[in-house]
Amino acid sequence: GGVNYYDRSFDVFKHFSVGDNNSKLNYRVVSAIVEDANKNLWIGTEGGGLNFYNHTTGLFDYYMHNESKSTSLSTDNVKTILKTKEGNLWIGTHDGGLNFCNPQKKPIVFKSFKNDLENPNSLNNNRVISLLEDYKANIWVGTSGGGINMLDTKNQQFTTIPDPLNLVGNYIFCIVATSDDNAILV
């Protein structure tokens with residue numbers, strides 16, 4: 001387990017292994033990785049939450065679920081991460097819904113979006129497995145069991161995208177933008 005990082009300037013791989021100190025990942029199963037503008041890595045794990053690798057120090061910080069802290073990550077099982085054009089992060093989780101954080105603001109706090117049976121404008125399924133930001137900064141959310149949702153980031157309301165002929169299905173593993181602003185690939 002872990003992460004392999006290829007450095008083209010030295011033509012070598014660097015391996016981030018799992019261990020019990022902050023120079024290592026805290027969990028062996030890695031499901032998502034994004035790099036920020038400062039060459040830091042945000043690594044989603046399937047049991048250790050979000051691992052932040054500081055490129056300058058070579059050390060990790062860990063962002064995990066804390067039952068007593070409402071601004072913590074909603075669960076430690078991260079499935080996908082999206083870095084927006086503005087540098088914010090959207091984190092899709094298994095059974096914890098969708099999380100948002102602005103990594104430029106310290107301390108890092110997470111806002112979670114989950115299914116609320118009383119609110120038809122909430123996320124319709126808490127198993128988020130794919131994400132896409134469109135040209136209007138809306139977030140398209142692919143779920144495992146609930147099809148596609150679209151989050152209007154201006155009013156923070158979700159719309160479930162109808163699929164009356166069941167062409168797409170309820171398991172959306174990948175969402176990709178196209179050159180046509182009015183279309184996405186699923």
Side-chain angles (χ1 to χ4, degrees), residues 27 29-36 42-51 63-67 69-105 108-186:
Y27 198 79
V29 181
V30 172
S31 52
I33 305 171
V34 298
E35 184 180 53
D36 68 21
W42 295 87
I43 302 169
T45 70
E46 294 192 3
L50 194 60
N51 287 217
Y63 298 96
M64 299 177 67
H65 176 66
N66 179 338
E67 195 68 42
K69 190 173 176 188
S70 64
T71 59
S72 73
L73 195 62
S74 62
T75 184
D76 291 332
N77 191 340
V78 173
K79 293 296 188 184
T80 184
I81 306 169
L82 170 70
K83 180 183 73 165
T84 67
K85 296 173 202 109
E86 294 180 351
N88 295 318
L89 297 178
W90 289 94
I91 301 105
T93 69
H94 184 83
D95 287 337
L98 183 64
N99 292 257
F100 170 85
C101 79
N102 177 344
Q104 288 84 32
K105 288 187 178 180
I108 301 254
V109 296
F110 296 91
K111 179 177 181 177
S112 66
F113 297 84
K114 296 181 182 179
N115 177 255
D116 176 355
L117 295 175
E118 304 295 317
N119 181 358
N121 296 315
S122 71
L123 182 65
N124 78 342
N125 185 293
N126 288 328
R127 293 182 176 178
V128 176
I129 55 177
S130 58
L131 296 167
L132 169 73
E133 179 185 29
D134 71 16
Y135 74 102
K136 292 183 178 178
N138 296 312
I139 305 299
W140 293 79
V141 182
T143 68
S144 178
I148 303 174
N149 293 238
M150 196 263 310
L151 172 63
D152 181 326
T153 54
K154 290 177 183 53
N155 66 21
Q156 298 201 344
Q157 292 189 350
F158 288 86
T159 302
T160 299
I161 306 303
D163 182 19
L165 299 177
N166 200 29
L167 296 175
V168 175
N170 290 323
Y171 298 87
I172 310 301
F173 294 99
C174 184
I175 308 172
V176 180
T178 67
S179 58
D180 179 352
D181 288 339
N182 293 314
I184 60 172
L185 297 174
V186 179

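Here, residue 1 is the first one in the sequence, and each next residue gets the next number.
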Inset, instruction - Kindly say whether Ser31 contributes a backbone atom to a donor-acceptor pair with the side chain of Lys79 at under 3.5 angstrom? - result: no
Inset, instruction - Measure the spacing between CD1 of Ile81 and CH2 of Trp42 and express it to the nearest 0.5 Å. - result: 9.0 Å
Inset, instruction - First locate atom CG of Asp76, then atom CG of Leu50, and finally report the distance between them rounded to the nearest 0.5 Å. - result: 10.0 Å
Inset, instruction - Please check if the side chain of Thr71 supplies one atom and the backbone of Val109 the other of a donor-acceptor pair under 3.5 Å. - result: no
Legend entry - Which residues share a side-chain contact (heavy atoms from CB on, under 4.5 Å) with Leu117, sequence neighbours left out: Asn115
Legend entry - Separation between OG of Ser130 and CD1 of Ile175, rounded to the nearest 0.5 Å: 3.5 Å
Legend entry - Nearest atoms (heavy-atom pairs only) where Ala32 meets Thr80: CB-CA, 3.8 Å
Inset, instruction - Starting at CD1 of Ile148, measure out to CG of Asn170 and round the result to the nearest 0.5 Å. - result: 10.0 Å
Inset, instruction - Kindly indicate whether the side chain of Asn121, heavy atoms from C-beta on, has any atom under 4.5 Å from the side chain of Asn155. - result: no
Legend entry - Nearest heavy atoms of Gln156 and Lys111, plus distance in Å: OE1-NZ, 2.5 Å
Inset, instruction - Using the salt bridge (charged side-chain N to carboxylate O under 4.0 Å, His left out) rule, collect all pairs that involve residues 116-131, keeping only residues at least two apart or in two chains. - result: Asp95-Arg127
Legend entry - Any donor-acceptor pair under 3.5 Å from Thr153 side chain to Ala137 backbone: yes
Legend entry - Closest non-hydrogen atom pair, Gly48 against Thr45: N-OG1, 2.7 Å
Legend entry - Contacts of Glu86 that satisfy side-chain contact (heavy atoms from CB on, under 4.5 Å) - sequence neighbours left out: Thr84, Asn88
Inset, instruction - To the nearest 0.5 angstrom, please state how far the CD atom of Gln104 sits from the CG atom of Leu89. - result: 8.0 Å
Legend entry - side-chain contact (heavy atoms from CB on, under 4.5 Å) involving Ser112 - partner list, sequence neighbours excluded: Ser74, Asn99, Lys114
Inset, instruction - Just grab all the ring-ring contact (aromatic ring centres under 6.0 Å, His included) pairs involving residues 154-186, residues at least two apart or on different chains. - result: Phe113-Phe158
Legend entry - Identified side-chain contact (heavy atoms from CB on, under 4.5 Å) partner of Leu98 from the options Thr93, Ile91, Leu131: Leu131
Inset, instruction - State whether the side chain of Ser72 and the backbone N or O of Asn66 hold a donor-acceptor pair below 3.5 Å, judged by distance alone. - result: yes
Inset, instruction - Output the distance between atom CZ (Phe100) and atom CG (Leu82), rounded to the nearest 0.5 Å. - result: 10.5 Å
Inset, instruction - Keeping to residues at least two apart or across chains, list the side-chain hydrogen bond (donor to acceptor under 3.5 Å, both in side chains) pairs with something in residues 133-152. - result: Asn124-Asn149, Asp134-Asn138, Asp134-Trp140
